[in-house]
J.: 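Here it is: the structure, laid out below.
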Amino acid sequence: MPDTRAASPSHGGPVQVFYAKKGAPRRPTVARAEGIYMWDTEGKRYIDASSGPVVSNIGHGNERVVRAMTEQARKVAYASRSLFENEPNIELADLVTSLAGPGLERAFFVSGGSEATEAAIKLARQYAVVRGETSRWKVIAREPGYHGGTLGALAITGDPEADRIFGALMKPMPKVPAPFSYRLPANHDADSYARQCAAALEDAIRREGPETVLAFIMEPVGGLATGALVAPDHYHRAVREICTRHGVLLIYDEVMSGAGRTGAFLAADHWPDARPDLVTLAKGIAAGYTPMGAVLAPASMVEVVAEAGGFMHGHTYAANPLSCAVGCAVVQEMIERKLMANAMAMGTRLRARLEALKAESAILGDIRGKGLLMAIEIVVDKETKAPPPAELQAVYRIIELGLERGIALYSRRTANGKYGEWLMVTPPLIVTAAEVDEIADLIGATLGAYEEELRRKKVI
Ligand SMILES: Cc1ncc(COP(=O)(O)O)c(C=O)c1O
């Protein structure tokens with residue numbers, strides 16, 4: 001169907017006008033969505049193979065959520081936290097912290113992942129100041145890593161390309177390497193490299209001066225920045241021990257990995273002997289039905305800060321009743337439908353199907369992840385693991401080819417492709433076996449078409 005809409009509207013236009021060059025093909029306009037399918041205004045159907053950017057955990061058009069949203073909007077949509085407590089806030093905090101388990105008894109709700117990162121850093125800093133550790137302010141993070149687009153979050157986001165443009169606006173924060181498992185430095189296997197990466201954290205703390213280091217932040221199962229990287233168990237234990245040894249708080253960014261996606265409520269649950277001090281959540285916690293994020297913290301930390309005058313941080317929409325009611329319905333739906341168990345079972349099936357594709361594909365180099373947080377890495381040579389040439393912008397072309405075939409996949413070129421190129425395969429946690437098979441077939445067809453294109457261009 002030819003795209004008859006003006007390529008560049010004279011006024012206004014969709015948000016894509018901030019991203020797309022003049023004349024670039026327009027994205028389809030979404031009309032409706034149900035379950036794991038979406039339809040555009042032309043009636044074309046797409047299977048949502050990545051939950052948007054790993055958001056729509058319980059799928060689209062969920063009746064329970066729509067009901068909760070309507071009922072709460074009728075009762076009271078908004079009330080300022082400085083004047084009123086609200087019931088959905090208390091209910092959601094109880095629910096989320098009981099799922100998160102010991103050591104994370106308090107929840108502070110915000111409007112998204114970046115806000116959650118900012119709140120976690122500020123809570124950690126205020127806790128340090130209140131306890132007289134005013135010299136602690138540095139937050140060490142991994143490169144690559146992603147913790148948000150606001151300036152505080154961007155300073156700890158390990159993306160040299162973002163630093164190049166926005167670095168002047170931020171206070172630079174130390175970075176340590178992420179323990180990649182696929183493309184490794186010479187004389188390393190994944191295990192030995194992960195040990196080296198953990199040692200690099202301790203080196204960085206010593207180099208910076210332990211008394212200046214406030215926290216270390218990492219994604220326990222990687223999101224887009226590393227393509228669902230899973231480090232060996234010993235890495236998690238080593239990081240925990242290093243942080244404890246130096247009085248550094250350990251923050252797990254679970255914006256993508258949390259809320260059931262890896263088959264447990266928190267990815268942290270996979271490493272019970274390496275518990276974090278603070279956890280951030282967003283995306284799946286309200287599954288796209290409302291903007292929402294959260295910081296989970298120990299009651300002891302919150303008490304110390306509250307006794308000293310209270311958390312010096314807040315947003316107009318923090319813990320607003322409407323969003324919290326939506327969050328409650330999403331989390332209850334996840335529990336009642338046993339979606340964490342489904343994420344585990346369907347993740348196993350999806351991985352097996354993708355492994356079969358990999359065996360036949362010339363460009364599918366690696367499959368990583370846990371549960372339904374999975375990514376596929378694209379290469380042009382499986383022997384050398386060479387990524388596609390940058391000028392091809394491979395992942396964006398693959399997304400286009402996918403949309404043509406009725407599958408919606410998510411990617412972004414992390415660090416301008418410095419560490420490789422991958423796409424997220426992260427369907428809603430309600431996905432069935434038949435839908436997993438449909439996703440795998442469509443990914444096979446999409447990668448097949450791209451492989452053909454690379455052969456025609458003599459890239460492979
Ligand atoms: C791991 C991680 N942290 C933080 C963020 C920022 O979340 P938001 O885009 O909701 O601000 C993201 C977003 O993709 C993320 O993946």
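Order of appearance sets the numbers: ligands from 1, and atoms from 1 within every ligand. FYI, side chains are in, hydrogens and waters are out, and symmetry mates aren't considered; it's all heavy atoms of this structure. Numbers here are sequence positions counted from 1.
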J.: Evaluate Asp269 against Arg275 for salt bridge (Lys or Arg N to Asp or Glu O under 4.0 Å), listing each step before the verdict.
T.: CA-CA 8 Å; Asp269 298 341; Arg275 297 280 291 172; 3.3 Å; yes

J.: With sequence neighbours excluded, tell me which residues meet side chain to side chain donor-acceptor pair (under 3.5 Å) with Lys418.
T.: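 Testing Lys418 for side chain to side chain donor-acceptor pair (under 3.5 Å), a comparison that skips the adjacent residues, returns Glu143.
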
J.: What pair of heavy atoms forms the shortest contact from Gly420 to Glu377, and how long is it?
T.: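 Reported closest heavy-atom pair: CA-OE2, 3.8 Å.
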
J.: For Arg261, is there an ion pair with Glu219 - N to carboxylate O distance below 4.0 angstrom?
T.: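 No, Glu219 and Arg261 are not salt-bridged.
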
J.: Run the side-chain contact (heavy atoms from CB on, under 4.5 Å) test against Arg164 and tell me which residues pass, sequence neighbours left out.
T.: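 If we apply the side-chain contact (heavy atoms from CB on, under 4.5 Å) test to Arg164, skipping adjacent residues, the hits are Glu161.
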
J.: Listing by chain and number, which residues have a heavy atom under 4.0 Å from ligand 1?
T.: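 Within the 4.0 Å shell of ligand 1, which is judged on heavy atoms, sit Gly112, Gly113, Ser114, Tyr146, His147, Gly148, Glu219, Asp253, Val255, Met256, Lys283.
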
J.: Keeping to residues at least two apart or across chains, list the ring pair (Phe, Tyr, Trp, His ring centres under 6.0 Å) pairs with something in residues 103-130.
T.: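 The answer is Phe108-Phe311.
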
